[in-house]
Amino acid sequence: MRCASGIEARQVDELAINIDPIQAGGRLTGDAMKAVIAYGDGYSVCDNCRKPNRLDYINKPPIAEFHKDVAGWLNMDAVRTVPGARRGFQAVAHTFIRKGDPVLLTSLSHYTEFLAIEGAEGIACEIPADDHHIITPDAAAVKIEEVKKQSGRAPVLAFIDHVDYQYGNMHDVKGIAKVCHQYDIPVLYNGAYTVGIMPVNGKDLGVDFVIGSGHKSMASPAPSGILATTTEYAAEVFRTTAITGDVTHRKFGIKEPEMMGCTLMGVTLIGMMASFPHVKERVKHFDRELENNRIVVDGLLAVERTKILSEMPRKHTLTRADTIGSFDRVAETHKKRGFYFSSALEEKGVTGVIPGATKVWKFNTYGMTQKQARYLADTFGEIAQENGLTASK
């Protein structure tokens with residue numbers, strides 16, 4: 001099937017159980033699919049844009065109300081939509097970091113956080129993870145003191161992931177934020193894997209900025225995301241333009257430089273809005289998601305010499321597996337080498353594992369039914385037994 005000349009129709013989630021680690025939380029809802037069709041034109045949301053000509057002031061469709069609703073949902077004071085979490089990182093970094101400033105992040109931080117710091121000419125200072133791949137408040141305190149000793153001042157900003165992308169481990173953001181604030185360091189909460197997946201309360205966590213990814217965790221089209229902050233910092237990161245043309249003497253009203261005026265026009269924003277009621281409801285049932293993840297993890301661990309590298313018991317559905325002692329042993333002699341594993345999964349209706357990966361790989365069970373979770377757990381056991389490995393029931 002093709003949806004246009006030379007473009008095949010994508011039917012991944014319709015035809016298989018998709019455990020791709022970055023796709024699970026971004027699958028569109030039915031309402032978002034319909035909204036995408038209705039608002040697919042580039043500037044479709046601008047039909048009723050009136051003065052002051054800014055995206056978050058538009059009332060039809062109810063974009064202004066959506067911004068207020070998201071802020072309340074996250075227990076923050078102000079929200080803007082952005083083209084992905086990385087643009088939120090960039091906006092905050094550009095506002096608070098100057099050349100040579102030390103900036104705190106972690107040894108598990110996403111590369112886009114590093115790039116945001118680099119773009120602002122800051123210096124990346126990593127809090128090391130412990131032996132269990134966890135970032136602790138004590139480690140944050142030690143790192144801050146180390147930075148102060150080396151540079152003569154505390155970091156100007158801290159990027160802290162609640163759930164990291166490498167292991168899917170959950171870190172004590174509240175405790176780390178408390179440490180940072182003792183040094184007057186504002187804290188950016190990276191919720192790329194939490195906002196839209198599980199409940200997030202920014203003020204309870206004690207953070208100054210909450211960043212979410214629409215296309216990763218809010219059932220939204222890409223690229224989309226949110227940047228939320230408190231009243232204390234809103235005037236800085238959402239400051240309005242002051243520039244004036246030297247020939248025309250033009251001014252540009254209340255456009256915001258860090259947002260480049262307006263951010264999400266058309267399909268990305270409307271898709272996020274259409275999914276929002278479903279997203280608000282689904283975060284209330286994260287316990288179900290963890291139970292389904294436990295079923296799958298138990299199925300993997302039933303295969304001889306298989307390990308889970310993420311913290312146990314699991315607190316998130318993104319999980320890192322080590323199958324060097326199991327599925328990778330088969331790959332050493334299999335005619336397809338490591339590609340046999342993803343092929344065997346696809347033959348059984350499972351997709352999302354990187355082709356050729358049999359050593360260390362990640363998967364995400366978010367959005368599965370219990371029936372699918374049990375099927376997936378059994379599938380790992382079946383593939384193991386079909387290839388001469390032992391798998392207990």
Side-chain angles (χ1 to χ4, degrees), residues 17-27 85-86 105-113 126-136 139 159-176 189-200 205 210-219 225 279 282-283 285-301 303 306-324 327 345 350-354 357-368 372-373 376-377 380:
I17 297 173
N18 184 6
I19 58 174
D20 189 298
I22 64 172
Q23 293 183 352
R27 286 188 287 258
R86 62 193 66 196
L105 34 57
T106 82
S107 59
L108 300 174
S109 289
H110 195 259
Y111 78 88
T112 53
E113 294 169 89
E126 296 175 284
I127 306 169
D130 65 17
D131 293 341
H132 302 287
H133 311 294
I134 299 292
I135 307 297
T136 66
F159 287 73
I160 306 297
D161 300 5
H162 197 173
V163 170
D164 69 88
Y165 80 102
Q166 296 189 49
Y167 293 90
N169 287 349
M170 194 166 290
H171 310 282
D172 182 7
V173 171
K174 190 171 185 176
I176 296 169
Y189 170 100
N190 179 3
Y193 282 101
T194 55
V195 174
I197 297 295
M198 55 185 284
V200 173
L205 290 166
V210 172
I211 306 286
S213 172
H215 53 262
K216 189 168 285 177
S217 298
M218 296 179 70
V279 167
R282 78 184 190 182
V283 300
H285 307 291
F286 189 59
D287 56 335
R288 288 187 213 155
E289 302 293 343
L290 289 180
E291 179 56 35
N292 289 337
N293 181 263
R294 279 191 282 270
I295 291 170
V296 176
V297 165
D298 286 347
L300 263 177
L301 290 176
V303 179
T306 291
K307 302 173 184 177
I308 296 298
L309 299 180
S310 304
E311 63 181 331
M312 294 287 285
R314 297 298 301 120
K315 297 177 182 177
H316 196 273
T317 56
L318 174 65
T319 305
R320 185 169 178 146
D322 176 347
T323 52
I324 294 172
F327 295 116
L345 284 169
V350 178
T351 189
V353 174
I354 296 174
T358 52
K359 288 181 170 65
V360 176
W361 48 280
K362 296 182 293 184
F363 64 94
N364 197 337
T365 60
Y366 192 80
M368 280 187 185
Q372 289 173 325
L376 180 57
F380 286 130

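Judged as a ring-ring contact (aromatic ring centres under 6.0 Å, His included), and not counting sequence neighbours, H171 has no contacts. By the salt bridge (Lys or Arg N to Asp or Glu O under 4.0 Å) test, R294 pairs with E291, sequence neighbours left out. Here H162 pairs with Y189 under the ring-ring contact (aromatic ring centres under 6.0 Å, His included) rule; sequence neighbours left out.
I135 places a side-chain heavy atom less than 4.5 Å from the side chain of I176. The side-chain heavy atoms of I211 and F159, taken from C-beta on, include no pair separated by under 4.5 Å. Side-chain contact between Y193 and I22 is present, with heavy atoms from C-beta onward closer than 4.5 Å. Inter-residue side-chain proximity for S217 and V195 is flagged as unmet; no heavy-atom pair is nearer than 4.5 Å. Side-chain contact between E126 and T106 is absent, with no heavy-atom pair separated by less than 4.5 Å. Within the 4.5 Å cutoff, side-chain heavy atoms of M368 are placed close to those of I19. You'll find the side chain of V297 reaches within 4.5 Å of the side chain of M312, heavy atoms only. Contact check for R282 versus Y366: side-chain heavy atoms found under the 4.5 Å cut-off.
Between G352 and P21 the shortest heavy-atom distance is O-CD, 4.0 Å. Here the closest heavy-atom approach between residue D161 and residue S109 is recorded as OD2-CA, 3.7 Å. Here the closest non-hydrogen pair linking A85 and S213 is CB-CB, 4.1 Å. Of all the heavy atoms in A139 and P128, the pair that sits closest is CB-O, 3.9 Å. A pairwise comparison of heavy atoms in R314 and I308 identifies CD-CG2, 4.4 Å as the closest pair. The shortest non-hydrogen separation linking Q23 to N18 is OE1-ND2, 2.8 Å.
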- Item | Evaluation steps, side chain to side chain contact (heavy atoms under 4.5 Å, CB included), between F363 and L300 | CA-CA 11 Å; F363 64 94; L300 263 177; 3.5 Å; yes
- From CA spacing to verdict: side chain to side chain contact (heavy atoms under 4.5 Å, CB included), Q372, N292: CA-CA 9 Å; Q372 289 173 325; N292 289 337; over 6 Å; no
- For side chain to side chain contact (heavy atoms under 4.5 Å, CB included), just list the numbers for H133 and E311, CA-CA rounded to whole Å, side-chain angles, deciding distance to a tenth of an Å, and then say yes or no. CA-CA 8 Å; H133 311 294; E311 63 181 331; over 6 Å; no
- Task: Show the numbers, then the answer: is there a side chain to side chain contact (heavy atoms under 4.5 Å, CB included) between V350 and F380?
- Result: CA-CA 10 Å; V350 178; F380 286 130; 5.9 Å; no
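Atom CG of residue D164 and atom CG of residue N190 lie 9.5 Å apart, to the nearest 0.5 angstrom. Expressed to the nearest 0.5 Å, how far CG of D287 lies from CE of M198 amounts to 11.5 Å. Atom-to-atom distance recorded for D172:CG and I134:CD1 is 10.0 Å, nearest 0.5 angstrom. Separation of atoms OG1 (T194) and CE (M170) is listed at 7.5 Å; rounding is to 0.5 Å. Atoms CZ and CG, from F327 and D322 in turn, are 12.0 Å apart once rounded to the nearest 0.5 Å. Atom CD in E113 sits 10.5 Å away from atom CG in L108 (nearest 0.5 Å).
Looking at H110, its side chain does come within 3.5 Å of a backbone N or O of T112 through a donor-acceptor pair. For S310 (side chain) and Y167 (main-chain N/O), a donor-acceptor pair under 3.5 Å exists by modelled atom type. Side chain of T323 to main chain of T358: a donor-acceptor pair is present (N/O by atom type, distance under 3.5 Å, no hydrogens or angles). Side chain of K362 to main chain of Y165: a donor-acceptor pair is present (N/O by atom type, distance under 3.5 Å, no hydrogens or angles).
A donor-acceptor contact closer than 3.5 angstrom links the side chains of N364 and T317. If you check the side chains of T365 and N293, you find a donor sitting under 3.5 Å from an acceptor.
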